[in-house]
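Everything on this sheet refers to the single structure shown next.
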Number of protein chains: 2
Amino acid sequence: MSECNTRRPVSLLDVAKAAGVSRATASLVLRQSPLVADKTRLRVVEAMQSLGYIYNRGAANLRRNRTGTIGLVLNNIGSPFYSALMAGVDEVNEDGSVVTLVANSVDSPDRQIRQIRRLREHNVDGIILCPAIGSDETLAVELARLDLPCVQALRHVELLGGDYVGADYRSGIEKAVRHLVGSGHRRIVFVGAMALHSAARERNEGFRHATGLHGLEGGLVVAGGPDNVYDVAAFDRLLKTRNSPDAAVCYNDVIALNVMNRLRSLGRQPGRDFAVIGMDNLPQAAGAFPALTTIDTRPHEVGRKAAALLQKRIAQPGLANGEHIIVPPSLIVRQSCGETSAAA
Amino acid sequence: MSECNTRRPVSLLDVAKAAGVSRATASLVLRQSPLVADKTRLRVVEAMQSLGYIYNRGAANLRRNRTGTIGLVLNNIGSPFYSALMAGVDEVNEDGSVVTLVANSVDSPDRQIRQIRRLREHNVDGIILCPAIGSDETLAVELARLDLPCVQALRHVELLGGDYVGADYRSGIEKAVRHLVGSGHRRIVFVGAMALHSAARERNEGFRHATGLHGLEGGLVVAGGPDNVYDVAAFDRLLKTRNSPDAAVCYNDVIALNVMNRLRSLGRQPGRDFAVIGMDNLPQAAGAFPALTTIDTRPHEVGRKAAALLQKRIAQPGLANGEHIIVPPSLIVRQSCGETSAAA
DNA sequence: CTGTTAGCGCTTTCAT
DNA sequence: ATGAAAGCGCTAACAG
């Protein structure tokens, strides 16, 4: 409060002097070494407290070769979906007392490279990367050059190889289709198809595979794009055809909610004469009207697993050669699916 | 890929040697100093590239006295509300090329202190703090001890003093009440009242003030608590009274959505025979049914302003004595308010 | 314009 | 069980 403001911070050396020991000993106390005599330890600890010593990890990191930090590169910080991932990461990092540096690639490969470089310069011990749309071999080259443990999350680009943690989007979509088929739907459209990244492609495959399996027409697909857009005109046209679909599986919840709104403006009642299923289980899915049936892709869990895997890699570098952890998604049935039984 | 893995990283000294200059000169090149001759600069830059040099900020930070990092302490990383704040912070930090370390206090004062300490040890240049419920003078003492620039965001604890950026919750609630009064409502209840932090208290005050202003009964208040709960039993009782309310202003959107659901189970139609207004303008508000009228508290904007203010403090320490930046909220009218005109 | 020198605050052998 | 000394990779005077 009233103390002189220009003093330099108290260092370990100051503490050591005050306690009448050497810096080395004080350092040992700092790191709970059992080598130090209890009497000495006590003196040092007291000195630290009375001087208001603050550990300087920056300095320590220069010698040890680790910082206790990891980088998290997201495509859209600010989206509830990614923040769930982050919460998962944070949960396990907290235990290991590592701190997370966040960076936003905004789905731009250039920016992604810049962010990764920046994180590397800050000496993060590793990164969790949700690769941006359009990531190419430049990324692979850069990651190799930086010599940085990296686990991919939610999406993965093949040529990076290495570790990946994600949800099983494929089987998620299959579950959705199976459920619809089970309740009598035969004409199911997939809304929001694109092929811009692995998670999108896996959804497509899931739909193609499921329709094949159940002997449905596989061609009922409405294209989508980044930022939760889908081809509304195409969807409208489809609804006017003779054998128009009576159910939609959507790329994600946001699109599903838009589809429900669109249905209403077209005079259809979602959940009554048209079933809708979304994906991700965002908070807004449960509160929607009708409450949205969805595939929970469990981003929080993905975050936890990714963080844990990265910790492992950091602890034992150069171990296995790339691990894939696939979290099984679960179908959450709500009213948008016609089952009027289901309660929110 | 195939290179030896145990080599030590190339340092500035290596670069300097390769370019035939001294470390100091190389360092100048690194920081774009105009003092270096173009010919020399070029040689150095080439050496950096061919050696694959990576700047080590950790080492640099030891000498300069800044790290180019800030800490962001949130109560609930993972909530869309806080992630909007974070996106705002990130936006301005990116420009200034500072990176954000995130920490989660989970609204626990103890944990909050631990997190702040941890961030301080990592030598963040300052922090943006959304103070946890129950923050007391321990926090003030610790912050003073750590000698760390700190701007509070969204909530503020008085005894910290200093900088604060938040929304004008008070006037937000007043706007909501005024709007309801304007469309003929006279019996308005405030749902979710609590006094656990400044943002909550300011909402209460706003309601009290507005009811006074318009000559309404000010006592129609249903208590709430942390984690988006409110006293459902009390709400139900209130609806059964003779002169039961016909409109609710809610602590936030999540509570508002719950209230709408509750109304439906009680046989009332929100937006038709009972107006509901929420607060925050979460993504789920627009997609709800009926679409939720709400007070936008603009967390993204708060994040940007807070980050900018912190930058200023870091650039010129010990300037002014605490600045309050209050972002004006705006009322977003949707169907939950009876205006059947409003389109989503 | 470039080089020399002296640290930043910590950890780590290696002696003792 | 403790201390001496070297060094992590960089920047900041200062001298030329």
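Quick note: numbers below take in every heavy atom, side chains included, and nothing from hydrogens, waters or symmetry partners. Here is the naming used below: chain letters follow the sequence lines, and residue numbers restart at 1 for every chain.
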Using five pairs at either end of the helix from dC1(C)-dG16(D) to dT16(C)-dA1(D), determine the angle between the two local helix axes and round it to 10 degrees. 30°
Sole residue of V44(A), L30(A), V45(A) in side-chain contact (heavy atoms from CB on, under 4.5 Å) with V15(A):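 Of the listed options, the one satisfying the test is V44(A).
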Side chain to side chain donor-acceptor pair (under 3.5 Å) partners of [X], counting only residues at least two apart:
{"X": "N61(A)", "value": "none"}
{"X": "E94(B)", "value": "R111(A), Q115(A), R118(A)"}
{"X": "E142(B)", "value": "R117(B), R145(B)"}
{"X": "T40(A)", "value": "none"}

Considering just the side-chain nitrogens and oxygens of S27(A), establish if one lies under 4.0 Å of OP1 or OP2 belonging to dC10(C).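 For dC10(C), neither OP1 nor OP2 has a side-chain N or O of S27(A) closer than 4.0 Å.
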Quick one: list whatever passes ring-ring contact (aromatic ring centres under 6.0 Å, His included) with H156(A), sequence neighbours left out. Y164(A), H324(A)
Using atom [atom1] of [X] as one end and atom [atom2] of [N] as the other, report the distance to the nearest whole Å.
{"X": "M48(A)", "N": "dG9(C)", "atom1": "CE", "atom2": "C1'", "answer": "13 Å"}
{"X": "I54(A)", "N": "dC8(C)", "atom1": "CD1", "atom2": "P", "answer": "17 Å"}
{"X": "L30(B)", "N": "dC10(D)", "atom1": "CG", "atom2": "P", "answer": "8 Å"}
{"X": "H122(B)", "N": "dC10(C)", "atom1": "NE2", "atom2": "C1'", "answer": "15 Å"}
{"X": "L12(A)", "N": "dC8(C)", "atom1": "CG", "atom2": "P", "answer": "13 Å"}
{"X": "K17(B)", "N": "dC10(D)", "atom1": "NZ", "atom2": "P", "answer": "13 Å"}
{"X": "L13(B)", "N": "dG7(D)", "atom1": "CG", "atom2": "C1'", "answer": "13 Å"}

Does any donor atom in the side chain of S108(B) or D110(B) lie under 3.5 Å from an acceptor atom in the other side chain? no
Who passes salt bridge (Lys or Arg N to Asp or Glu O under 4.0 Å) against [X], sequence neighbours left out?
{"X": "D125(B)", "answer": "none"}
{"X": "D163(B)", "answer": "R313(B)"}
{"X": "R43(A)", "answer": "none"}

Are any protein N/O atoms closer than 3.5 Å to N/O atoms in nucleotides 1-4 of chain C? If there are, list each pair with its distance.
{"from": "dT2(C)", "atom 1": "OP1", "to": "T40(B)", "atom 2": "OG1", "distance (Å)": "2.3"}
{"from": "dT2(C)", "atom 1": "OP2", "to": "A37(B)", "atom 2": "N", "distance (Å)": "2.9"}
{"from": "dT2(C)", "atom 1": "OP2", "to": "T40(B)", "atom 2": "OG1", "distance (Å)": "3.2"}
{"from": "dG3(C)", "atom 1": "OP2", "to": "S22(B)", "atom 2": "N", "distance (Å)": "2.8"}
{"from": "dG3(C)", "atom 1": "OP2", "to": "S22(B)", "atom 2": "OG", "distance (Å)": "3.4"}
{"from": "dG3(C)", "atom 1": "OP2", "to": "T25(B)", "atom 2": "OG1", "distance (Å)": "2.8"}

Does anything in residues 11-23 of chain B pair up under salt bridge (Lys or Arg N to Asp or Glu O under 4.0 Å), and if so which pairs, sequence neighbours excluded?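 As it turns out, the salt bridge (Lys or Arg N to Asp or Glu O under 4.0 Å) pairs with a partner in residues 11-23 of chain B, which skip direct neighbours, are R8(B)-D14(B).
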Contacting residues from residues 56-69 of chain B, given that a heavy atom lies under 4.0 angstrom of DNA chain C: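 Contacts with DNA chain C under 4.0 Å: L62(B), R63(B).
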